[in-house]
There are 2 protein chains.
Amino acid sequence: MKSTGDPAPKLRLLRAAAALLAESDGAPVSTRQITEAAKVTAPTLYHHFGDKEGLFDAVVAEGFAEYLDAERSIPASGQPIEDLRRHWDNHVQFGLDHPQLYLVMFGNIRPERRPSTVATAEAFLEEVLRRAAAASRLVVTPREAARSILAANIGVTLMLISDTAEKRSLELSVMTREAVLSAVATDSEADPVIDTEGTPAVVVAAIALNAALQSSHPDQLSGPELKLFLEWLHRISSRSAS
Amino acid sequence: MKSTGDPAPKLRLLRAAAALLAESDGAPVSTRQITEAAKVTAPTLYHHFGDKEGLFDAVVAEGFAEYLDAERSIPASGQPIEDLRRHWDNHVQFGLDHPQLYLVMFGNIRPERRPSTVATAEAFLEEVLRRAAAASRLVVTPREAARSILAANIGVTLMLISDTAEKRSLELSVMTREAVLSAVATDSEADPVIDTEGTPAVVVAAIALNAALQSSHPDQLSGPELKLFLEWLHRISSRSAS
DNA sequence: GTAGCACCTATAACGCCGCTATATGAACTG
DNA sequence: CAGTTCATATAGCGGCGTTATAGGTGCTAC
């Protein structure tokens, strides 16, 4: 416990490992690369982390803390389903932001050395769903719902990561998200209470379009697209805050 | 091309690799283990397969042929949605029967050395969906539907594999399956095609909303969502065909 | 002081890995 | 039988994760 004396080596190892992992495009990262980048010799690594996997576990733990922070920064908005959407999107976004880290966290599924991250993410999601179960109506137990959502969420994220950047489209994510969510919870009961008083032009136009769409479905949008479009339209129309 | 003379070495390598991979519980399998089990020295392996990855590709190809055979043995029953269910279940079953092989085939996602299996599975599923699109009504393009279904299918299978055998429950699979399928295709007969009414109202409203959005961006939609929303809005506004 | 004692880091090496330069045999072809 | 081609083996390279051993460094006890 020296207050002054820890400029780095353990921390340098962590940083170096994280950086090399992020850069290396899926290629394995060797301990020698790491120790060299951290300007440290091999035993230092094993003294502090015991193992190569121990080091990577620490890296993952850091990334996972960031992930959970982002998750926790999504507050309960009063609309649980909407919260679930944001959590889903946050999950996907994290995967696309840190693909290599994500693959270590969620892609490397070995029964023996099970990363606790999956279980933790599952538990966290379950918690969100428990709130959803209280507020809105949940069709299954939070546990089952969490597993289903997380499985689909991971599957989608892995597929998006494996796509090249230009081919990548979030439509896959949005579509699958809506599919799973709508099956797990009753989407929304509340029809919009519309007061056209001091509402912005955007809201008015959105409501008008929504009304027009009731009588005529455009064929430019596919079913799920239309469904989602209508929902977004609904979201814009029912702006309650501020 | 000798008709008689191939009792084994190449084939023994394949069998040995497959066996060792299936037995080794996720632990890496070395070329030395394989060549020793096949009673062959190292260069033989590289002569026939070029690479360790080449050998495993061959193993995967064998497993994938088995997988595709099972897939193809599922005939068109006349009920396309029911067919899709069977394909989903077959996918999951294959993953649980050959977990290690499955992890190599679908879990190891590297952008560089992309396993062709995923693409092939996707294409195959797309073909099934194209039939579904003809018979029943599909609500999205077969391509999009295939990607969504496959992503969820892989995610579920990976999660089931990572579960211990006793904790494993197919409820997760069935639940997620129904969620994705019901969102992608109308289960029974479809809702009537509504193209009748006067469309201009929609177009006008869409243009108005688009204009309103230029000056004021709603905060109910996240960045990617808004982008997609605007694109769809544009699609609706510029209806020119038919 | 200095002796003892944790702690942290470095030197050097072990055994395993994927892989290959080179050589040898075996089988066809002329 | 000479020539060519294919298939296998000997022996070894460089890189990997890891560690036995030893050397500093700073703290506390006398």
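Naming: A, B, ... by sequence-line order, numbering from 1 per chain.
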Problem - Rounded distance (Å) that lies between atom C1' of D:dA9 and atom CZ of B:Arg12 - result: 14 Å
Practice task
Keeping the roles fixed (side chain from A:Thr176, backbone from A:Leu172), state whether a donor-acceptor pair exists under 3.5 Å.
Solution key: yes
Practice task
Examine distances only and state if a side-chain atom of B:Ser182 and a backbone atom of B:Ala179 form a donor-acceptor pair shorter than 3.5 Å.
Solution key: yes
Exercise for the section: For C:dC17, take OP1 and OP2 only and decide whether either is under 4.0 Å from a side-chain N or O of B:Ser30. Expected result: yes
Practice task
Please list all pairs passing the salt bridge (Lys or Arg N to Asp or Glu O under 4.0 Å) test where one or both residues lie in residues 61-80 of chain A, with sequence neighbours left out.
Solution key: none
Problem - Donor-acceptor contact present, side-chain B:Lys52 to main-chain B:Val29, <3.5 Å - result: yes
Fill in the blank from the handout: Rounded to whole Å, the CD-P distance (A:Glu36 to C:dA10) equals 13 Å
Practice task
Respond yes when some side-chain nitrogen or oxygen of A:His47 is under 4.0 Å from OP1 or OP2 of C:dC8, and no when none is.
Solution key: yes
Handout entry: Length of the line joining A:His48:NE2 and D:dG17:P, which is rounded to integer Å
Key = 18 Å
Completion exercise
Rounded to whole Å, CD1 of B:Ile34 lies from C1' of C:dC19 at a distance of 13 Å
Exercise for the section: Determine: side-chain N/O of A:Thr41 to OP1/OP2 of C:dT9, distance under 4.0 Å, yes or no. Expected result: no
Exercise for the section: State whether the side chain of B:Ser169 and the backbone N or O of B:Glu171 hold a donor-acceptor pair below 3.5 Å, judged by distance alone. Expected result: yes
Practice task
Please state how far atom CG in A:Leu20 lies from atom P in D:dG17, giving the value in whole angstrom units.
Solution key: 12 Å
Fill in the blank from the handout: For nucleotides 18-24 of chain D, 5' to 3', base contacts (B), sugar-phosphate-only contacts (S) and non-contacts (-) with protein non-hydrogen atoms under 4.0 Å give BBB----
Problem - Side-chain donor or acceptor of A:Thr157 paired with backbone N/O of A:Asn153 under 3.5 Å - result: yes
